[in-house]
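The structure appears right after this line, and notes come after that.
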Amino acid sequence: MIALIQRVAGAHVSVDGETVGAIGHGLLALVAVQPGDGEPQARRMLERLLGYRVFADDAGRMNRSLADTHGGLLLVSQFTLAADTRKGMRPSFTTAAPPEHGRHWFDRLVELARAAHPGVETGRFGAHMQVHLVNDGPVTFWLET
């Protein structure tokens with residue numbers, strides 16, 4: 001499982017002009033599921049999303065996590081993160097999970113997140129989405145499990 005996380009001052013996702021998920025200060029996580037992913041990867045990714053220290057403490061150092069700050073978490077499925085871009089001029093998606101597998105484990109990640117943290121929002125799996133965000137910093141990290 002892959003997540004590209006961005007610390008945001010605010011973010012929202014819209015589909016056909018309708019906002020389907022929105023948060024204030026927190027993390028936007030673009031998430032890709034890979035073929036071998038399952039329960040261990042989903043649980044570890046959630047642990048990292050909630051515990052990764054990307055928010056400033058009183059001294060201005062990145063020592064606080066999403067769990068510490070009680071910020072929002074916006075989870076957006078994005079299979080293109082799993083693309084193989086090593087050769088040619090067009091990405092290959094053979095390294096991304098098939099849609100059924102991807103939906104199952106993305107939904108499981110959302111379920112785990114909602115059970116563990118308040119303020120979890122999502123995009124719409126498989127939809128053409130517009131993701132709007134104000135990156136705070138900018139702060140962006142690539143996480144893999």
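For the single chain, residues carry numbers from 1 onward in sequence order. We use all heavy atoms of the structure for the numbers below, so side chains are in, but hydrogens, waters and symmetry mates are not.
Side chain of N135 to backbone of V139: a donor-acceptor contact under 3.5 angstrom is found. A donor-acceptor contact shorter than 3.5 Å is absent between the side chain of R53 and the backbone of R61. Under the 3.5 Å distance criterion, the side-chain polar atoms of S65 are matched with a main-chain donor or acceptor of L50.
Contact detail for A83 and P91: the closest heavy-atom pair is CB-CB, 3.9 Å. Across all non-hydrogen atoms, the minimal contact from A29 to L73 is CB-CD1, 4.4 Å. When all heavy atoms of R124 and V20 are compared, the pair lying nearest together is NH2-CG1, 3.2 Å. Nearest heavy-atom pair, G24 versus V8, reported as atom, atom and distance to 0.1 Å: O-CG2, 4.0 Å. The minimum heavy-atom distance linking D37 with A32 is given by the pair OD2-O, 4.3 Å. Residue G123 comes nearest to V76 through the heavy atom pair N-CG2, 4.3 Å, listed as atom of the first residue, atom of the second, then distance.
Considering CZ of R48 and CG of L143, their distance stands at 4.5 Å, rounded to 0.5 Å. Note: Q34 CD to L81 CG = 9.5 Å, rounded to the nearest 0.5 Å. With rounding to the nearest 0.5 angstrom, the NE2 atom of H117 is 14.0 Å from the CG atom of L112. For the atom pair CZ (F141) and CG (L49), the distance works out to 13.0 Å, reported to the nearest 0.5 Å. In this structure, CH2 in W142 is found 4.5 Å from CD1 in I2, a value given to the nearest 0.5 Å. Distance CG/L27 to CD/Q6: 9.5 Å, rounded to 0.5 Å.
Inter-residue side-chain proximity for S92 and R86 is flagged as unmet; no heavy-atom pair is nearer than 4.5 Å. V13 has its side chain out of reach of Q130: every pair of non-hydrogen atoms, C-beta onward, lies at least 4.5 Å apart. In this structure, the side chains of V120 and L75 come closer than 4.5 Å at one or more pairs of heavy atoms. Put simply, the side chain of T140 reaches to within 4.5 Å of the side chain of L4, judged on heavy atoms. Residues I5 and L28 are not in side-chain contact: their nearest non-hydrogen atoms beyond the backbone lie 4.5 Å or more apart. Side chains of H128 and V15 form no contact here, defined as non-hydrogen atoms less than 4.5 Å apart. Considering only heavy atoms from C-beta on, L66 stays 4.5 Å or farther from Y52 through its side chain. Looking at heavy atoms from C-beta onward, Q41 lies out of side-chain contact with W105 at the 4.5 angstrom threshold.
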Problem set entry | Steps toward salt bridge (Lys or Arg N to Asp or Glu O under 4.0 Å) verdict (R43, E47) | CA-CA 6 Å; R43 288 185 177 276; E47 180 182 11; over 6 Å; no
Exercise. Taking it one step at a time, do E39 and R108 satisfy side-chain contact (heavy atoms from CB on, under 4.5 Å)?
Worked result: CA-CA 8 Å; E39 189 74 17; R108 179 64 176 145; 2.8 Å; yes
For this session: List the steps and the verdict of side-chain contact (heavy atoms from CB on, under 4.5 Å) for Q78 and V31.
Result: CA-CA 5 Å; Q78 187 174 352; V31 179; over 6 Å; no
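Hydrophobic clustering, with ILVMFWY side chains joined whenever heavy atoms are under 4.5 angstrom apart, keeps F79 apart from F106. Linking ILVMFWY side-chain heavy atoms closer than 4.5 Å, directly or via other members, places L30 and M45 in two distinct hydrophobic clusters. Following chains of ILVMFWY side-chain contacts shorter than 4.5 Å, one can reach V54 starting from L46, so the two form part of one hydrophobic cluster.
Under 4.0 Å is where a charged nitrogen must lie from a carboxylate oxygen, and between E100 and R103 no such pair does. A salt bridge between R64 and D57 is absent, with no side-chain N of the basic residue lying under 4.0 Å from a carboxylate O of the acidic one.
For H25, the ring pair (Phe, Tyr, Trp, His ring centres under 6.0 Å) criterion is met by F55, not counting sequence neighbours. For H132, the ring pair (Phe, Tyr, Trp, His ring centres under 6.0 Å) criterion is met by H12, not counting sequence neighbours.
D84 and T94 are not linked by any side-chain donor-acceptor pair at a separation below 3.5 angstrom, with hydrogens and angles left out of the test.
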